Amino acid sequence: MKRLVLSMVAVACALAACGRGSEPPEAAAPPPAAATTSGTTAATAASAAPAPQTPGVLRFTGTTLDGTAFDGATLAGKPAVFWFWAPWCPKCQAEGPAVATIAERYRGRVTVVGVAGLDPSTEKMNQFVERTGTSELPQLNDTNGALYKHFRVTSQSSYLFIDPAGGTESATGPLDEDELSALIEQHLL
């Protein structure tokens with residue numbers, strides 16, 4: 001009898017662990033501190049809670065470099081590429097024109113979003129955007145690192161490919177146009 005009870009407990013624990021482990025970390029809702037960027041408070045983010053069908057990876061709010069509010073939930077059900085860069089990063093600088101070309105090539109089919117971080121100067125971020133020709137992309141201001149933390153990005157230049165169901169694939173740069181296009185075709189279309 002004791003063995004039967006122990007066996008049942010072991011099976012229940014295994015099933016519970018499998019249920020938790022089957023959800024990728026990106027699909028879990030981020031901690032409140034990671035769900036906002038500068039200029040947005042946790043209370044604001046909570047009052048604008050995303051619809052339940054929004055994958056956890058897209059449950060965030062932020063502000064673009066020009067001060068416009070940005071809600072990740074608007075990308076739910078759509079393929080997207082997030083490009084994480086820093087204004088002082090030479091490989092990010094070199095990738096900018098390729099990212100701009102890819103964003104134009106896939107316009108209407110894939111949204112490309114820049115995430116400017118790892119520097120406290122919005123002015124330097126705006127200069128980077130101008131130099132690289134990436135002004136047509138939404139460029140999120142992540143001076144406080146909240147989005148890097150939310151997306152679990154630890155370095156620049158990094159990419160996160162989010163499919164319409166919220167599944168993710170990541171890559172580290174530098175990547176050229178052909179490499180970016182191949183990854184988009186492979187993971188998003």
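The shown structure was predicted, so the numbers you read here are calculated from the model rather than taken from an experiment. For the single chain, residues carry numbers from 1 onward in sequence order.
Residues passing the side chain to side chain contact (heavy atoms under 4.5 Å, CB included) test with Pro138, sequence neighbours excluded: Phe70, Val113. Judged as a side chain to side chain donor-acceptor pair (under 3.5 Å), and not counting sequence neighbours, Glu130 has no contacts. Remark: Gln139 pairs with Trp85, Thr134 by the side chain to side chain donor-acceptor pair (under 3.5 Å) rule, at least two apart or across chains. Residues passing the side chain to side chain contact (heavy atoms under 4.5 Å, CB included) test with Thr122 are Leu65, Asn126, Asn141, Thr143, sequence neighbours excluded. For Tyr148, the ring pair (Phe, Tyr, Trp, His ring centres under 6.0 Å) partners at least two apart in sequence or on another chain are Phe84. For Lys78, there are no side chain to side chain contact (heavy atoms under 4.5 Å, CB included) partners at least two apart in sequence or on another chain. Residues that satisfy the side chain to side chain contact (heavy atoms under 4.5 Å, CB included) test with Asp119, not counting sequence neighbours, are Pro87, Trp88, Ser121, Lys124, Met125. For Thr111, the side chain to side chain donor-acceptor pair (under 3.5 Å) criterion is met by no residue, not counting sequence neighbours.
Checking side-chain atoms of Arg59 against main-chain N and O of Thr54 turns up a donor-acceptor pair under 3.5 Å.
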- Query: Under the ring-ring contact (aromatic ring centres under 6.0 Å, His included) criterion, do Phe82 and Phe161 qualify, and how do the steps go?
  - Reply: CA-CA 7 Å; Phe82 284 77; Phe161 301 86; over 10 Å; no
- Item | Audit row: Thr68, Thr63, side chain to side chain contact (heavy atoms under 4.5 Å, CB included) steps and yes/no | CA-CA 5 Å; Thr68 305; Thr63 305; over 6 Å; no
When the side chains of residues 178-189 are checked against the rest of the protein, which donor-acceptor pairs come out under 3.5 Å, sequence neighbours left out?
unit_1 : atom_1 : unit_2 : atom_2 : d
Glu179 : OE1    : Asp176 : N      : 2.8
Ser181 : OG     : Tyr106 : OH     : 2.6
Glu185 : OE2    : Tyr106 : OH     : 2.8

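Here the closest non-hydrogen pair linking Ser157 and Cys89 is N-SG, 4.5 Å. Closest of all the heavy-atom pairs between Pro55 and Ala76 is CD-CB, 4.2 Å.
Here salt bridge (charged side-chain N to carboxylate O under 4.0 Å, His left out) pairs that include residues 95-115, with residues two or more places apart or in two chains, are Glu104-Arg107, Arg105-Glu177.
By the criterion of side-chain heavy atoms lying less than 4.5 angstrom apart, applied directly or through intervening Ile, Leu, Val, Met, Phe, Trp or Tyr residues, Val110 is not grouped with Val57; the two fall into different hydrophobic clusters. Linking ILVMFWY residues whenever their side-chain heavy atoms come closer than 4.5 Å, directly or via other members, leaves Leu140 and Val129 in distinct clusters. Hydrophobic clustering (ILVMFWY, side-chain heavy atoms < 4.5 Å, transitive): Ile162 and Leu147 are in one cluster. A single hydrophobic cluster is seen to contain both Phe128 and Val112, as judged by linkage of ILVMFWY side chains at heavy-atom distances under 4.5 Å, directly or through other members. Note on Ile102: it clusters hydrophobically with Val81, by side-chain heavy-atom contacts below 4.5 Å among ILVMFWY residues.
Leu118 CG to Asn144 CG: the interatomic distance, rounded to the nearest 0.5 Å, is 11.0 Å. To the nearest 0.5 Å, the span separating CG on Leu160 from NE2 on His150 amounts to 9.0 Å.
Taking the side chain as every heavy atom from C-beta outward, Phe151 and Ser158 never approach each other to under 4.5 Å.
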